[in-house]
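The structure appears right after this line, and notes come after that.
Please read all numbers here as calculations on a predicted model, not as lab measurements. One-based numbering, in listed order, for ligands and for the atoms of each. Scope of the values below: all heavy atoms of this structure, side chains included, with no hydrogens, waters or symmetry mates.
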Amino acid sequence: MLLNKIEEIKKNIKVWKKEGLTIGLVPTMGALHAGHLSLIKKAKETCDRVVVSVFVNPIQFGPAEDYDKYPRTLEADEKLCKENGVDIVFAPAPKEMYGDGGRLSNDILTYVCPPFFYVNKLCGKTRVGHFDGVCTVVLKLLNIVQPDYAFFGQKDAQQVIIVKKMVKDLNVPVKIIQCPIIREESGLALSSRNKYLTEEGKKDALALGKILNNIKACYKKGITDSVALRETAYAYLSEKHDLEYLEFVDRDTLEDRTIADNNTVVLIACRVENVRLIDNIYLGEN
Ligand code: PAF
């Protein structure tokens, strides 16, 4: 069922709650791919009812970012959701979520601003205000849907850590479930933004996964110095890559790790054909 109005979805949620059913929320910006489907699958396994939100959230895009260009494929998304047993697709218009305010308006919206330490690094460094937008919309969605569980992909590792922190800090009664990165056979991490890449760009984009895999292999051989590990990346980079960051941080706290350990996550952001791609790897896992 496709719903656009907050009041409509709330009515359905009320009925489910009355029946004692557990609810799972998979928040998305649409352009669904196998990565999202893995979240939906996990939600189906975990919960009695599954809601997928499809909302390209204007307030998490910077003024120079791809908000207008971001792929919008609601019809196909709805079909995929139906085929995969989703009970409700919630696809509100920006006005439904933010009234006449929202982007660039300070007088209507109360923002959720995560702690500076969590946002002043990695993606937050160049995407100023991004995580305020993410946390604000996620909290709104959690308040609307009131799910028992909400499902996020490890692909956006910083996002999950920040959302978990928000949920803990604000005592939001939901359990955040993190699901593994889904990759193409080539190793490219699935992303809605891959649609912007040409075939050649896709090949160049494989460098991200190769860099991370090689770092992990070096770590497993005993190299733990993050400077030495970072240097191994240059063998995979060419003038086609515009590296934004390659960082080593703790997978729970986002604290920098100069010496890598089993709790370290290595995160990379790199532009290929001017498309901003991100990927990450946990060093402690097999
Ligand atoms: O990961 C995303 O697609 C978005 O950041 C999210 C969590 C749906 C919030 O808009």
Side-chain angles (χ1 to χ4, degrees), residues 6 9 24-40 42-43 50-62 65-74 76-78 80-81 86 88-98 102-103 109 111-114 118-119 122-124 126-145 147 149-167 170 172 174-182 189-196 267 269 275-280:
I6 294 170
I9 186 165
L25 170 67
V26 181
T28 82
M29 297 205 301
L32 301 185
H33 51 64
H36 297 111
L37 295 185
S38 75
L39 302 181
I40 292 172
K42 183 75 186 163
V50 174
V51 175
V52 172
S53 61
V54 174
F55 180 61
V56 185
N57 175 32
I59 66 165
Q60 72 184 70
F61 290 80
E65 291 183 3
D66 57 347
Y67 174 67
D68 293 326
K69 201 177 129 198
Y70 198 85
R72 286 162 172 84
T73 57
L74 185 57
D77 293 343
E78 195 196 348
L80 267 180
C81 284
V86 171
I88 291 180
V89 176
F90 178 53
K95 199 172 166 153
E96 180 69 8
M97 290 296 273
Y98 298 125
R103 200 175 191 205
L109 197 62
Y111 281 83
V112 181
C113 304
Y118 286 78
V119 295
L122 304 165
C123 291
T126 48
R127 305 192 72 189
V128 177
H130 170 71
F131 289 111
D132 298 357
V134 169
C135 283
T136 302
V137 82
V138 169
L139 186 61
K140 280 171 75 72
L141 291 166
L142 292 174
N143 283 336
I144 293 166
V145 178
Y149 299 89
F151 299 81
F152 291 83
Q154 184 207 312
K155 163 96 186 331
D156 297 296
Q158 188 178 11
Q159 171 172 279
V160 198
I161 292 170
I162 289 175
V163 166
K164 278 187 186 158
K165 172 94 181 124
M166 173 186 75
V167 160
L170 300 181
V172 187
V174 65
K175 193 166 170 25
I176 303 297
I177 309 284
Q178 180 175 321
C179 304
I181 299 175
I182 305 295
L190 294 191
S191 160
S192 304
R193 290 192 170 94
N194 291 351
K195 287 191 177 154
Y196 303 147
L267 304 101
V275 181
R276 188 174 180 282
L277 302 169
I278 58 171
D279 200 348
N280 66 79

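Contacts of T28 with ligand 1, taken as heavy-atom pairs under 4.0 Å, involve the backbone alone.
Counting the atoms of ligand 1 from 1 in the order shown, those under 4.0 Å from a heavy atom of P27 are 8 (C). The ligand atoms of ligand 1 that sit less than 4.0 angstrom from a heavy atom of V137 are 9 (C), 10 (O).
The protein atom (non-hydrogen) at minimum distance from atom 3 (O) of ligand 1 is M29 CG, 3.6 Å. At the shortest separation from atom 9 (C) of ligand 1 among protein heavy atoms lies Q60 OE1, 3.3 Å.
Y196 and D66 share a side-chain donor-acceptor pair at under 3.5 Å.
Annotation for L32 and C81: closest pair CD1-SG, 3.6 Å, computed over non-hydrogen atoms. The shortest non-hydrogen separation linking G24 to P147 is C-CB, 4.3 Å.
Looking only at side-chain heavy atoms (C-beta outward), C179 and Q154 stay at 4.5 Å or farther from each other.
Geometrically, R72 does not engage F55 in a cation-pi contact defined by less than 6.0 Å to the ring centre and at most 45° from the axis.
Here's the thing with Q159: one of its N/O atoms is less than 3.5 angstrom from an N/O atom of ligand 1.
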